[in-house]
A.B. asks: 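Can you read through this structure? Questions will come right after.
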Amino acid sequence: MFESLTDRMQGTFKKLNSKGRIAENDVDLALREVRISLMEADVNLKVAKQFVNGVKAKVEDAHALESLNPTQQIIQVVNEEMVELLGSEEAKLQTAPAPPTVLMMVGLQGSGKTTHSAKLALLLRRQGGKPMLVAADVYRPAAVKQLETLGGNLKIPVHSEGTQVAPERIAANAVAEARANGYTHVILDTAGRLSIDEAMMQELERVKEATNPTETLLVADAMTGQEAVRVAQQFHERLGVTGLIMSKMDGDARGGAALSIRSVTGVPIKFIGTGERPEALEPFMPDRMASRILGLGDMLSLIERAQAAFDERQAAELEQKMRTATFTLEDFYTQLQTIKSMGPLSQLLDMIPGMGSAMRNQDVQVDEREMKRIEAIIQSMTPDERQHPEILKNGRRRKRVAAGSGTSVADVNALLSQFNQMQKMMKQLTAGGSRGKLPRIPGLFS
Amino acid sequence: MVMRFLRGKQDPKERDQKLDEGLQKSRSGLFGQMSALFDREEITDETWEELEELLVASDVGVETTFTLVESLQDRVDSGELRRPSHVRETLKQELRGILESVPPRNGAATGEGLLVTLVVGVNGVGKTTTIAKMANRLKADGAQVVIGAADTFRAAAIDQLEVWGQRAGVPVIAGAPNSDPASVVHDALAAARTRRADVLLVDTAGRLHTKYNLMEELRKIERVVSKGGSKVENLLVLDATTGQNGLLQARQFAKTVSLDGVVISKMDGTSKGGIVFAVVKELGVPIRYVATGEKIGDLAEFDSQAFVDALWS
């Protein structure tokens, strides 16, 4: 994982603080960290430079240096500036004055044009439209079949004419068919290439001319490096791109490509692709993207993972139990299983802002074996014992549980006292007591 | 006997030419500019700054760039290097040094029997096309090749592979769409044994390295293969246009299944390729192949010298 920008800048200022007041050229040092962070996020070099200069001017205007916490001040300026650059306006899809609205999807190979054509079609239908998909990629083996399958699954009609007809003919025929049959949207899935080549551009220009699309949407891979800007620029120059779709945003790519493309072409980002499923298409949110590029923690992905793992009803039940302090070892066990399904603990902790570096600094390690031991101990209890841990005060029961789980009585005791502590903590929380500070769960860290 | 076809029969000249063509843009682009930097009379602060920027712009990564530039700076300061042209030669050597710090690993080179090559990577990097190219190449070199189509998720991935299989003249073993990929691999293994194949190439579904469940699925596939007692090697396909995320991808895949090599795909789609240095340096996994085009023959064995030379010539 990348060190987050905040950590880094705080480090820089800590060194400076020991010298006393922060001088103006110290800001340059801090801004250098911003620039490096941007480059690590794949923000285009020129864009990063321009951006940092803009921030510098603002920081000087804002007298950020006189504030008590210059790091926070600068980060805030950086964040604001980035949100502005990413586009604060809501970028909706344009609609043609008379249906059908033609949406032309363009992009390099593997960026996700076909998948996102299907996602867009599903979204439009959910909004009450009647979309049609068009298979205009006649080169990639089975590309037509891929779109037909996706359309078939979603029950959205796919216009295809095999691979022997020219793409512009297919596209024009599709638009005519859509007009005749009352379709609201025509989504053209065009061919990609490995890199921009003249033949592809000419073909796309012909398709564009034949169909006069309302939107020409460039699908760009969030994981692309410094190349992203050049590719986008060329598509934009030749085809007049009207919107961007950033694909594969469900990974951990920082997505500097998005900022770069937006900044250089001025074309708004309209959607982000957040998964392989047809529903995984979301409107673009600049503030979220800004935090992501700056690496201000991955809380959002953590929350998403938790949402995916937790059953909503289950969570509500759990909350109720916590409130009424009837949380049992059985519930604790279920909870452990859910957390486990979210991935390795160390990875999860890494996503919490500050947690990753704090753990590295203190040399704390997550002991996954300890979790296994806890599981084993609970598994060795009878249902009755799990529901009423107090009966485990009986020494013979404890001995039996220890033997059954291959642990010692001391281990069982440790777990029980941890559990006690948890119950107490929950009572405190429900009493409206201490907020914020998370109590330690002893034993999970060694 | 397996070594014979893995060392490649391709005429070295022809291969270099291919690679040259793939790297054409690199040369006239950033690395070319970098080379020109050192045609100047003296080295100034500006030189270093520009050098840093050019390396970063090639997706080499900030950390690797700093290490490289600092080491060069030290050597200039100590008087070890004086002329810009010396600095250039040294940088070239260092870049090659990174690539050569890892010995090539060819899973097949150790003996007889079936070799199972699992091809993994994130979505859209070109796994399926790379498999077709590898199959074509191995077959041309005299090996018996079978392809297992274990991408049962992406719509029409199996059809795509079948088209490629026909073009390469290699049998493709596939299951039903959305079936368990591990069971497809199991069937493909049996088929490969029956046919006494030398190599079984397994195409897996693209998965983002951050998807825990999908990565676990990959582990399961690997288990199925290794249980069969065959030699297994895992190749990661990385898109040459990938930025710094390529490193995170490689790290996570390496954690899930042990990686034996990396294939850089879409090398003609980029003027960079700098990710190669970062991945080799940090993970110690050698680059196996470079895929340079869209045709079935567009696959070259990775040769660090040719690679770096081509960047600089």
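Below, chains carry the letters A, B, ... as their sequence lines are ordered, and counting in each starts from 1. All heavy atoms count here, side chains included; hydrogens, waters and symmetry mates do not.
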A.B. asks: With chain A as the partner, which of Val122(B), Leu161(B), Leu208(B) has the greatest number of non-hydrogen pairs under 4.5 Å?
C.D. replies: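 The option with the most such pairs is Leu208(B).
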
A.B. asks: CD of Gln73(B): more than 12 outside heavy atoms within 6.0 angstrom?
C.D. replies: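 Yes.
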
A.B. asks: How long is the span from the OG1 atom in Thr115(A) to the CZ atom in Arg154(B), to the nearest 0.5 Å?
C.D. replies: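 Those atoms lie 7.5 Å apart.
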
A.B. asks: How long is the straight-line distance from NZ of Lys145(A) back to CD of Glu162(B), given to the nearest 0.5 Å?
C.D. replies: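 These two atoms lie 8.5 Å from each other.
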
A.B. asks: Check whether Val125(B) gets within reach of chain A through its side chain, its backbone, both or neither, counting any heavy atom under 4.5 Å.
C.D. replies: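 Neither; nothing under 4.5 Å.
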
A.B. asks: Once you round to the nearest 0.5 Å, how far does CG of Asn153(A) lie from CG of Asn178(B)?
C.D. replies: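 Separation between the atoms: 7.5 Å.
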
A.B. asks: Should Leu214(B) and Glu276(A) count as side-chain neighbours, where that means a heavy-atom distance under 4.5 Å?
C.D. replies: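 Side chain of Leu214(B) against side chain of Glu276(A), heavy atoms only: contact under 4.5 Å found.
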
A.B. asks: Given heavy-atom pairs under 4.5 angstrom as the criterion, report whether the side chain, backbone, both or neither of Asp239(B) touches chain A.
C.D. replies: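 The answer is neither part of Asp239(B).
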
A.B. asks: For Lys49(A), is it the side chain, the backbone, both, or neither that has a heavy atom closer than 4.5 Å to a heavy atom of chain B?
C.D. replies: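 Looking at Lys49(A), just its side chain touches chain B.
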
A.B. asks: Using heavy-atom distances under 4.5 Å, tell me whether Asn44(A) contacts chain B through its side chain, its backbone, both, or neither.
C.D. replies: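 Contact with chain B involves no heavy atom of Asn44(A) at all.
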
A.B. asks: Which one, Ala257(A), Ala222(A), Gly110(A), leads in non-hydrogen pairs under 4.5 Å with chain B?
C.D. replies: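 When all of Ala257(A), Ala222(A), Gly110(A) are compared, Gly110(A) has the most.
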
A.B. asks: Does Asp42(A) reach the side chain of Thr242(B), with side-chain heavy atoms less than 4.5 Å apart?
C.D. replies: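 No - every pair of side-chain heavy atoms lies 4.5 Å or more apart.
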
A.B. asks: When heavy-atom pairs shorter than 4.5 Å are enumerated against chain A, which of Ile158(B), Leu247(B), Asp159(B), Asn213(B) gives the highest number?
C.D. replies: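 Heavy-atom pairs under 4.5 Å are most numerous for Asp159(B).
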
A.B. asks: Is Gln109(A) in contact with chain B via its backbone, its side chain, both, or neither, using a 4.5 Å heavy-atom distance?
C.D. replies: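 Both backbone and side chain.
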
A.B. asks: Any chance you could measure Gln244(B), atom CD, to Gln226(A), atom CD, to the nearest 0.5 Å?
C.D. replies: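 The distance works out to 8.0 Å.
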
A.B. asks: State, with a plain yes or no, whether a side-chain heavy atom of Arg140(A) is found less than 4.5 Å away from one of Gln160(B).
C.D. replies: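 A side-chain contact under 4.5 Å exists here.
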
A.B. asks: Would the number of heavy atoms belonging to other residues, nucleotides or ligands and lying under 6.0 Å from CZ of Arg32(A) be above 12?
C.D. replies: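 No, not enclosed.
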
A.B. asks: If you count heavy-atom pairs under 4.5 Å between each of Leu45(A), Thr149(A), Leu150(A) and chain B, which one has the most?
C.D. replies: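 Heavy-atom pairs under 4.5 Å are most numerous for Leu45(A).
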
A.B. asks: Of the listed residues (Ala118(A), Pro141(A), Gly112(A)), which shares the most heavy-atom pairs with chain B below a 4.5 Å separation?
C.D. replies: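 Winner by heavy-atom pair count: Pro141(A).
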
A.B. asks: Side chain from CB out, backbone as N, CA, C, O: work out which of these in Gln249(B) comes under 4.5 Å of a heavy atom of chain A, or both, or neither.
C.D. replies: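 Answer is side chain: those atoms of Gln249(B) sit under 4.5 Å from chain A.
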
